[in-house]
J.: 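Provided herewith is a single structure, encoded as structure tokens, for subsequent inquiry.
Throughout, protein chains are lettered first and strands after them, A, B, ... in sequence-line order, and every chain is numbered starting at 1.
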Amino acid sequence: MSADDFIVTPWHVEGDIDYDKLIKQFGTEKISSELLERIKKITGEDHFMLRRGIFFSHRELTRILDEYEKGNKFFLYTGRGPSGHTHIGHLVPWMFAKWLQDKFDVNMYFQLTDDEKFYSKPNLTLDETKKFAYENALDFIALGFNPEKTKIIINTKNIKTLYPIAAEVAKKINFSNTKATFGFTNETNIGMIFYTSLQSAPCFIEDKPVLIPLGVDQDPHFRLTRDIAPKIGKQKPALIHNIMIPSLEGPGGKMSASDEKGTIYTTDSPSEVKNKINKHAFSGGQPDIEQHRKLGGNPDIDVSYQYLRIFFEPDDAKLKTVYEDYKSGKLLSGELKAILIEKINSFLAVHQENREKARAQIEEFLFEDK
RNA sequence: GGGUUCGUAGCCUAGCCUGGUAGGGCGAUGGUCUCCAAAACCAUCGAUCGUCGGUUCAAAUCCGAUCGGGCCCA
């Protein structure tokens, strides 16, 4: 572990992340209050994920906005490594991307990196990652993206389109770059070594500026992409980063698709959600009810409260009430959990219905190679 | 193609030299305690020791073959 006591890489997140330090470490820019105002002015709306710092950092978002105000549209790109079912942490950047698409009326590309998960997970077969790619696509579509302006790229399926772009990128990245960025060693398979060039490819799929909303852990891929973009005569991709969504079991680390009990999947039933939250969600409460009434809870480390803040309670006034009541001891941890369970289950009821409908829509979303 | 090294529960690993059917850590599960969770403390589950064959009264342990992983060389 580094001197900073936290680790953030595309494959591993650990420790209590200090996001201000991470901004310095990664060399990104904090989303300033001026930038927030500017976005609000352009979109006419103050998105809670921006207001609350769920999206906290960016690279050259200002350039994207400059161009947009000149009348030059950009496009959006994000993705997912299909190593398992979708969980609610994945939905954060996707929902925000949906909002961006609505507000700016722009195209969206969603990349499913079935090859990369096959390379990086020893026990997954290509058939399995492909299967998860389709499952994950359903969750993405369920969020309501515009089918006219949204295309889903599956790496192994759309390689014909991706490969020529990836080749341009690959020629400009040498082994030292990837080793330094990702910590590759002699035992890393060569699929991984090449892979970052495929993840770069959608950045250049249209001849326009691109904005990528994503979890900050994925930033290193695009650091490389940004380095080489000018060398192949392209614009650097701009990024907007969200914080890591904590695992149910605690503030350290992030929600992981392979950690069953620390994770709420989009396919979980109401009783599974209830059970997982009650049985596993880390709380900021006191050891017993008397102390809790007296000393109050700590919402800042309470995972249930954090889920409300990050995702499930967009209403600031309601969130504030929960915060204050929990902090004062008026609201018990069990009661806070009940609020969250209700919120998640009513969200999932709608989502799961849309997810089923998405099965019929998937064909029109899938990218077709020319 | 040559060399070398490794293969023990979900993960990490002891034991192999000096044969007597496996021990630990993490994790998981249950309980106590909590308004929950965590922590703590109890308890439980979990391994045909990669596979096949040989030697032996007896093999994870010795021998052979084979499959799989890693590294080096070509």
J.: A37(B), C35(B), A28(B): which one has an atom nearest the side-chain heavy atoms of Ser283(A)?
T.: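 Between A37(B), C35(B), A28(B), the one nearest the side chain of Ser283(A) would be A37(B).
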
J.: Can you tell me the pairing partner of G27(B) across any strand shown, Watson-Crick or G-U wobble, with both distances under 3.5 angstrom?
T.: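 Checking every strand shown, G27(B) finds no partner, since no pair has both distances under 3.5 Å.
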
J.: Tyr119(A): what forms a ring pair (Phe, Tyr, Trp, His ring centres under 6.0 Å) with it, not counting sequence neighbours?
T.: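 Applying ring pair (Phe, Tyr, Trp, His ring centres under 6.0 Å) to Tyr119(A) gives none.
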
J.: Pairing check on C17(B): which nucleotide meets the Watson-Crick or G-U wobble criteria with it, both distances under 3.5 Å?
T.: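 Across any shown strand, C17(B) pairs with none.
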
J.: Sticking with atom C1', work out how far U51(B) lies from A38(B), rounded to a whole angstrom.
T.: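 Rounded to whole Å, the distance is 44 Å.
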
J.: Go ahead and name the base partner of A40(B); Watson-Crick or wobble counts if both distances stay under 3.5 Å, otherwise write none.
T.: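 Partner of A40(B): U32(B).
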
J.: Which is more 5' along RNA chain B, the nucleotide nearest Asn123(A) or the one nearest Asp302(A)? Just name the residue.
T.: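 Closer to the 5' end of RNA chain B: Asn123(A).
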
J.: Nearest-Å distance, NZ (Lys274(A)) to P (C35(B))?
T.: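 Spelled out: NZ on Lys274(A) to P on C35(B) is 17 Å.
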
J.: In whole angstrom, what separates Tyr326(A)'s OH from A37(B)'s P?
T.: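 Distance check: Tyr326(A) OH to A37(B) P gives 12 Å.
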
J.: Need to verify one output field. Residue with the more 5' nearest nucleotide on RNA chain B, Gly284(A) or Pro287(A)?
T.: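 The 5'-side residue here is Pro287(A).
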
J.: What is the distance, rounded to the nearest whole Å, between atom CD1 of Ile190(A) and atom P of G69(B)?
T.: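 That distance rounds to 14 Å.
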
J.: Hey, does the side chain of His292(A) reach the backbone of Leu331(A) with a donor-acceptor pair shorter than 3.5 angstrom?
T.: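 Flag set: sc His292(A) to bb Leu331(A) pair under 3.5 Å.
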
J.: Would you say the side-chain atoms of Thr113(A) pair up with the backbone N or O of Glu116(A), donor to acceptor, closer than 3.5 Å?
T.: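 Checking the backbone N and O of Glu116(A) against the side chain of Thr113(A), no donor-acceptor pair under 3.5 Å is found.
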
J.: Can you tell me how far P of A40(B) sits from CG of Asp288(A), to the nearest Å?
T.: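 Atom CG in Asp288(A) sits about 19 Å away from atom P in A40(B).
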
J.: Test Glu206(A) against Tyr109(A) for side chain to side chain donor-acceptor pair (under 3.5 Å), laying out the working first.
T.: CA-CA 10 Å; Glu206(A) 286 191 22; Tyr109(A) 294 86; 2.6 Å; yes

J.: Which value, in whole Å, describes the distance between the C1' atoms of nucleotides U13(B) and A47(B)?
T.: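 Nearest-Å result for U13(B) against A47(B) at atom C1': 13 Å.
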
J.: Rounding to an integer number of angstrom, what distance separates C63(B) and U18(B) when you compare their P atoms?
T.: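 It works out to 10 Å between them.
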
J.: In the structure shown, which nucleotide is the Watson-Crick or G-U wobble counterpart of A22(B), with both distances under 3.5 Å?
T.: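 When the pairing criteria are applied, nothing turns out to pair with A22(B), so the answer is none.
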
J.: Taking only the P atom of each, what is the distance from C6(B) to G15(B) in whole angstrom?
T.: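 The same atom, P, in both gives a distance of 12 Å.
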
J.: The side chain of Glu187(A) lies closest to which of these nucleotides: G70(B), A37(B), C36(B)?
T.: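 Within the option list, the nearest is G70(B).
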
J.: Determine which nucleotide pairs with A65(B), using a 3.5 Å limit on both distances of a Watson-Crick or G-U wobble pair.
T.: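 Answer to the pairing question: U51(B), which forms a Watson-Crick or G-U pair with A65(B).
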
J.: Between G54(B) and G10(B), how many Å separate the two C1' atoms, rounded to a whole number?
T.: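 Roughly 34 Å separates the two C1' atoms.
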
J.: Rounded to whole angstrom units, what separation is found between the CD atom of Gln286(A) and the P atom of C36(B)?
T.: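 Rounded to whole Å, this separation is 15 Å.
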
J.: Just call it for His292(A): base, sugar-phosphate, or nothing, with non-hydrogen atoms closer than 4.0 Å on any strand.
T.: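 Counting heavy atoms under 4.0 Å across all strands, the contact made by His292(A) includes a base.
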
J.: Does Arg309(A) use its side chain to pair, donor to acceptor, with the backbone of Arg52(A) at less than 3.5 Å?
T.: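 Indeed, once roles are kept as given, a pair shorter than 3.5 Å links the two residues.
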
J.: Whether Asn278(A) contacts A37(B) is assessed here as follows: a side-chain N or O lying under 4.0 Å from the phosphate OP1 or OP2. Is that the case?
T.: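 No.
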
J.: Would you mind telling me which of C72(B), A37(B), C35(B) lies closest to the side-chain atoms of Phe282(A)?
T.: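 Shortest atom-to-atom distance from the side chain points to A37(B).
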
J.: Rounded to whole Å, please give me the gap between CG in Leu340(A) and P in C35(B).
T.: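 So the two atoms are 21 Å apart, to the nearest Å.
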
J.: How far, in whole Å, is C49(B) from A60(B) if one measures between their C1' atoms?
T.: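 Approximately 4 Å lies between the C1' atom of A60(B) and that of C49(B).
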
J.: Check whether the side chains of His221(A) and Thr196(A) place a donor and an acceptor atom closer than 3.5 Å, and report yes or no.
T.: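 The answer is yes; a qualifying pair exists.
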
J.: Is a donor on one side and an acceptor on the other found under 3.5 Å between the side chain of Gln111(A) and the backbone of Arg80(A)?
T.: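 Judged by distance alone, no pair lies under 3.5 Å.
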
J.: For G53(B) and A58(B), measure between their P atoms and round to the nearest Å.
T.: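 Each nucleotide's P atom is 15 Å from the other's.
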
J.: Provide, to the nearest angstrom, the distance between the NZ atom belonging to Lys279(A) and the C1' atom belonging to A38(B).
T.: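 For the pair Lys279(A) NZ and A38(B) C1', the rounded distance is 13 Å.
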
J.: Mind checking who G1(B) pairs with, Watson-Crick or G-U wobble, both distances under 3.5 Å?
T.: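 Paired with G1(B), as far as the under-3.5 Å criterion goes, is C73(B).
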
J.: Which whole number of Å gives the distance between the C1' atom of G20(B) and that of U56(B)?
T.: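 My reading of the C1' atoms in G20(B) and U56(B) gives 11 Å.
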
J.: Expressed as a whole number of angstroms, how long is the span from Ile339(A):CD1 to C35(B):C1'?
T.: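 Result: 13 Å.
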
J.: Which one, A28(B), C35(B), A37(B), comes nearest to the side chain of Leu332(A)?
T.: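 The answer is C35(B).
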
